[in-house]
Amino acid sequence: MKSKFITLEGIEGSGKSTNLKFINKYLDKKNISYVNTREPGGGPIGPKLRSLLLNVDSVISPEVEMLLMLSDRKDHVDNLILPNLNEDKWVISDRYMDSTIAYQGGGRQIDLKKILATASILNLPEPSLTLLFDLPIDVALERAKQRGNLDRFEREPEVFHQRIRDSYLSLSKLHPSRIKVIDSSQSKEDVEFQLLETLNLFFKANG
Ligand code: TMP
């Protein structure tokens with residue numbers, strides 16, 4: 001099978017990182033070589049952009065935030081995502097373009113048409129599969145709090161996170177063949193079962 005680009009999405013504390021390990025094991029069993037990466041921060045200038053974007057002391061307007069996220073993405077795509085896909089490695093990215101739509105569009109309320117028009121000049125590749133980890137915001141934010149120091153986004157009020165969740169769910173209805181919703185409020189075993197079924201179906205459809 002040709003190399004694939006898979007993205008993980010969801011609100012804070014939705015379990016993306018925990019479930020990445022399960023996805024890795026699944027790919028290992030199939031002898032697929034892959035790289036794990038993340039946004040913001042996956043390209044050469046990414047770590048600096050990430051620390052600027054997440055730092056609680058940064059004062060950043062919604063538009064500048066969107067432009068920094070898109071700059072980070074272009075750097076990531078050109079220097080890590082495309083080179084690996086071209087070498088027949090799969091790329092698994094913790095967050096990608098749907099995060100900008102959900103956070104800067106839904107959360108910060110920037111007009112979606114403006115976000116899409118700006119992104120359109122960047123020639124960004126579309127993921128083959130997006131796993132959207134979904135759960136109620138109160139449960140998710142409690143999990144994020146347990147992890148310790150809250151970043152600039154995690155400190156936003158509940159309404160901000162609710163708009164992000166709503167925006168993600170609308171996106172999943174708009175792109176049902178690419179975005180698969182995983183009910184992340186279930187037990188670890190149940191979430192892993194959902195992932196297994198989703199990955200099996202993806203392999204069947206692309207085999
Ligand atoms: P993380 O904590 O899941 O690694 O993500 C970093 C934060 O950046 C998270 O709060 C979501 C936010 N973010 C955006 O607001 N827009 C984007 O386009 C991306 C990639 C992340």
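Just so you know, ligand 1 is whichever comes first in the structure, and atom 1 is the first atom listed for that ligand. Along the sequence shown, residues carry numbers from 1. Everything numeric here is computed off the predicted structure, so don't read it as measured data.
Judged by the 6.0 Å distance and 45° axis criteria, Lys180 is not positioned over the aromatic ring of Phe202. Annotation: cation-pi geometry not satisfied between Arg108 and Tyr103 (NZ/CZ under 6.0 angstrom from ring centroid, within 45° of ring axis).
Within the listing of ligand 1, atoms 17 (C), 18 (O) sit less than 4.0 angstrom from a heavy atom of Thr100. Close approach of ligand 1 to Glu39 is summarised as follows: ligand atoms under 4.0 Å from at least one heavy atom of the residue are 20 (C).
Within the 4.0 Å heavy-atom criterion, neither part of Asp72 lies near ligand 1. Only the side chain of Gln104 comes within contact range of ligand 1, with a heavy atom under 4.0 Å; no backbone atom does. Heavy atoms of Glu65 found under 4.0 angstrom from ligand 1: none, in either backbone or side chain. At a 4.0 Å heavy-atom cut-off, ligand 1 touches Lys16 through the side chain alone.
For the pair Arg73 and ligand 1, a heavy-atom separation below 4.0 Å is found. Distances from ligand 1 to the non-hydrogen atoms of Arg152 include no value under 4.0 Å. Contact annotation: Leu53 has no heavy atom less than 4.0 Å from any atom of ligand 1. By the 4.0 Å heavy-atom criterion, Arg50 is counted among the residues contacting ligand 1. The shortest separation from a heavy atom of Glu12 to ligand 1 is under 4.0 Å, placing the residue in contact.
For atom 13 (N) of ligand 1, the closest non-hydrogen atom of the protein is Met69 CE, 3.3 Å. Remark: minimum distance from atom 1 (P) of ligand 1 to any protein heavy atom is reached at Arg95 NE, 3.6 Å.
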When you look at Asp151 and Arg155, which way does the salt bridge (Lys or Arg N to Asp or Glu O under 4.0 Å) test go after all the steps?
-> CA-CA 6 Å; Asp151 66 31; Arg155 286 182 186 212; over 6 Å; no
Worked check of side-chain contact (heavy atoms from CB on, under 4.5 Å) between Leu195 and Phe133 | CA-CA 10 Å; Leu195 273 174; Phe133 294 91; 4.0 Å; yes
Salt bridge (Lys or Arg N to Asp or Glu O under 4.0 Å) between Glu192 and Lys21, intermediate numbers included = CA-CA 10 Å; Glu192 289 180 352; Lys21 293 188 195 109; over 6 Å; no
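Side-chain contact of Glu39 with His76: a donor-acceptor pair under 3.5 Å is present, judged by distance alone. Residues Tyr34 and Ser3 have side chains that never bring a donor and an acceptor to within less than 3.5 angstrom of each other.
Counting heavy atoms of neighbouring residues, nucleotides and ligands inside a 6.0 Å radius, atom CG of Asp111 exceeds 12 of them. Around the CZ atom of Phe203, the shell of radius 6.0 Å holds more than 12 heavy atoms that belong to other residues, nucleotides or ligands.
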